[in-house]
Novice: 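For reference, the structure I am asking about is given below.
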Amino acid sequence: GTLNIGGHNDSHTGTFTCGTGSVDFNGAGQSVRGTTYNNLTFSGSGSKSLTGPMTANGNITISSTLDVSGANYAIDIKGNWTNNGTFTAQAGAVTFSSTTAAQTISGTTATNFNDLNITNTFSPGVSLGSAQSLTGILTLGANSFFVTTGQTFTLVSTAAATASIAVVPATATFTGDINMQRYATGGNTGWACIGAPVSSATIASWQDNFSTSGFTGATGYSHGGFVSVYNYDEPTPGVMDMGYTAATNSTNSLPVGTGFFVYLGDGLTMTNNITVDVSGAPYIGPQIMPLSYTDDAGQPASEDGWNF
């Protein structure tokens, strides 16, 4: 059956046994007791604010607003997450923890999680059913599964912070792509050092965020042959600056561990704030960053061995 609650449920005395039923908080501006429920629905109007950590042994469906409150109470869920309303993550964490069933994250509204923990060990684990985003840290537990295939999973970057993926255990499985953002503060247009943390990215991946110039497929005006994207080739003989190698095509790849020197901005001299993003499968596990040293006998040692 379903227990409908139209008022506050913030008492922490007594015992609530969830059984296999459902609870629907369907009032306006409600307090939600932090305890263990089975299926949970948040409907009605106004915000439903947690008063303690909460566990859902079943599904959570949000049709109004669910707020973990300024205390950043944690949510543990063993069923499916459906957000058709608003989830206010604050600085809290949501953990998907089933060990006996697959779980999905979906809904008509993209949930903007803060910290997201995946400990589901029942293959295929936790799958996205619609676009979702993250502002904090994604953490996968040992033997867990997380699938983003076919959906957009955005790691958000702002002036305050950039979302990230914690070290993935060797026994965990991440399948699918991410959309990785990087916020760049506006001001004077100039050179910046950037790279790409995903596979299959090319210079074209950047061109919906800022203009490029000086090579085939560039999107901006190339005054006097000005090239706006370079990488670095350490063995190139001569002084250090001779190693900068100009891009030749927007299809040039952005390999992991390779830095690029980019003229970054949306104006010739001044730029607004820019969020650069690339999409692809994230590089997971130890990454080898090869460094080289080539001795150019015609130059002092200070001009040799530079890597980018």
Side-chain angles (χ1 to χ4, degrees), residues 89-91 110 112-115 131 133-138 152-165 177-234 236 239-280 282-283 287 289 291 302-303 306-308:
Q90 307 270 13
N112 198 23
F113 293 99
N114 178 52
D115 290 340
S133 61
L134 179 79
T135 61
I137 300 173
L138 170 67
T152 301
F153 183 59
T154 301
L155 276 64
V156 176
S157 181
T158 67
T162 298
S164 61
I165 302 175
D177 293 348
I178 62 171
N179 175 252
M180 185 72 223
Q181 296 184 349
R182 186 62 181 179
Y183 178 91
T185 303
N188 294 324
T189 300
W191 293 99
C193 301
I194 59 176
V198 300
S199 63
S200 303
T202 65
I203 291 175
S205 305
W206 290 333
Q207 292 184 154
D208 61 334
N209 307 128
F210 59 89
S211 295
T212 57
S213 64
F215 49 85
T216 301
T219 55
Y221 175 65
S222 181
H223 179 70
F226 177 76
V227 180
S228 66
V229 179
Y230 290 83
N231 63 6
Y232 194 82
D233 183 39
E234 187 276 329
T236 301
V239 298
M240 176 187 68
D241 286 348
M242 297 297 292
Y244 288 99
T245 303
T248 59
N249 198 301
S250 61
T251 60
N252 291 165
S253 63
L254 308 176
V256 63
T258 298
F260 288 82
F261 205 39
V262 174
Y263 199 70
L264 182 62
D266 57 7
L268 290 176
T269 59
M270 299 296 294
T271 182
N272 296 302
N273 299 332
I274 295 175
T275 300
V276 181
D277 68 327
V278 292
S279 295
Y283 288 107
Q287 302 297 319
M289 304 295 179
L291 300 178
S302 60
E303 299 293 334
W306 291 91
N307 288 259
F308 188 33

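Computed over heavy atoms, backbone and side chain alike; hydrogens, waters and symmetry mates excluded. Residues: numbered from 1 along the sequence shown.
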Novice: Output the distance between atom CZ (F153) and atom CG (N179), rounded to the nearest 0.5 Å.
Specialist: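 F153 CZ to N179 CG: 10.5 Å, rounded to 0.5 Å.
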Novice: What pairs with T189 under side-chain hydrogen bond (donor to acceptor under 3.5 Å, both in side chains), at least two apart in sequence or on another chain?
Specialist: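 By the side-chain hydrogen bond (donor to acceptor under 3.5 Å, both in side chains) rule, T189 matches no residue at all.
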Novice: In chain order, what residues pass the side-chain hydrogen bond (donor to acceptor under 3.5 Å, both in side chains) check against T236, with sequence neighbours excluded?
Specialist: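 With sequence neighbours excluded, T236 shows a side-chain hydrogen bond (donor to acceptor under 3.5 Å, both in side chains) to D233, given in chain and number order.
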Novice: Using side chain to side chain contact (heavy atoms under 4.5 Å, CB included) as the criterion, list what pairs up with A192, not counting sequence neighbours.
Specialist: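 Partners of A192 by the side chain to side chain contact (heavy atoms under 4.5 Å, CB included) criterion, ordered by chain and then number, come out as L264.
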Novice: Minimum heavy-atom separation for T212 to Q207, with atom names?
Specialist: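 That closest heavy-atom pairing would be OG1-OE1, 2.5 Å.
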Novice: Suppose we screen for ring-ring contact (aromatic ring centres under 6.0 Å, His included). Which residues come up paired with F261, at least two apart in sequence or across chains?
Specialist: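 Per chain and number, F261 pairs via ring-ring contact (aromatic ring centres under 6.0 Å, His included) with W191, Y244.
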Novice: Restricting to side-chain hydrogen bond (donor to acceptor under 3.5 Å, both in side chains), what partner residues turn up for N231, sequence neighbours left out?
Specialist: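 Scan of N231 (side-chain hydrogen bond (donor to acceptor under 3.5 Å, both in side chains), adjacent residues dropped) gives none.
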Novice: With I194, which residues qualify under side chain to side chain contact (heavy atoms under 4.5 Å, CB included), at least two apart?
Specialist: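 For I194, the residues satisfying side chain to side chain contact (heavy atoms under 4.5 Å, CB included) (neighbours in sequence not counted) are W206, F210, V262.
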Novice: Tell me if a side-chain donor or acceptor on T245 pairs with a main-chain N or O of G243 at a distance below 3.5 Å.
Specialist: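 It does hold such a pair.
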Novice: With a 4.5 Å heavy-atom cut-off, do F260 and C193 have their side chains touching?
Specialist: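 Sidechains of C193 and F260: no contact.
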Novice: Any side-chain heavy-atom pair from D277 and N209 closer than 4.5 angstrom?
Specialist: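 Counting from C-beta outward, D277 and N209 do come under 4.5 Å.
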Novice: Excluding sequence neighbours, so at least two apart, what forms side chain to side chain contact (heavy atoms under 4.5 Å, CB included) with V198?
Specialist: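 With neighbours one apart ignored, the set is I178, A201, V278.
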Novice: Can you list every pair that meets side-chain hydrogen bond (donor to acceptor under 3.5 Å, both in side chains) and has a residue in residues 262-272, with sequence neighbours left out?
Specialist: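 Sorted result for residues 262-272: D266-T271, D266-N272.
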Novice: Enter the distance from M180:CE to S164:OG here, rounded to the nearest 0.5 Å.
Specialist: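 Interatomic distance, M180 CE to S164 OG, rounded to 0.5 Å: 7.5 Å.
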Novice: Got a sec, which residues hit side chain to side chain contact (heavy atoms under 4.5 Å, CB included) with N252, two or more places apart in sequence or on another chain?
Specialist: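 N252 satisfies side chain to side chain contact (heavy atoms under 4.5 Å, CB included) with I203, A247, T248, N249 once adjacent residues are dropped.
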Novice: Indicate whether any N or O donor in one side chain lies under 3.5 Å from an N or O acceptor in the other, for Y232 and N307.
Specialist: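 On atom types as modelled, these side chains do not qualify, holding no pair under 3.5 Å.
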Novice: Measuring only between side-chain heavy atoms, which start at C-beta, is N112 closer than 4.5 Å to T135?
Specialist: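 The answer is yes, as the side chains (C-beta and beyond) meet within the 4.5 Å cut-off.
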Novice: So, using side-chain hydrogen bond (donor to acceptor under 3.5 Å, both in side chains) as the criterion, who are the partners of S157 when residues are at least two apart?
Specialist: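 Checked S157 against side-chain hydrogen bond (donor to acceptor under 3.5 Å, both in side chains); matches are T162.
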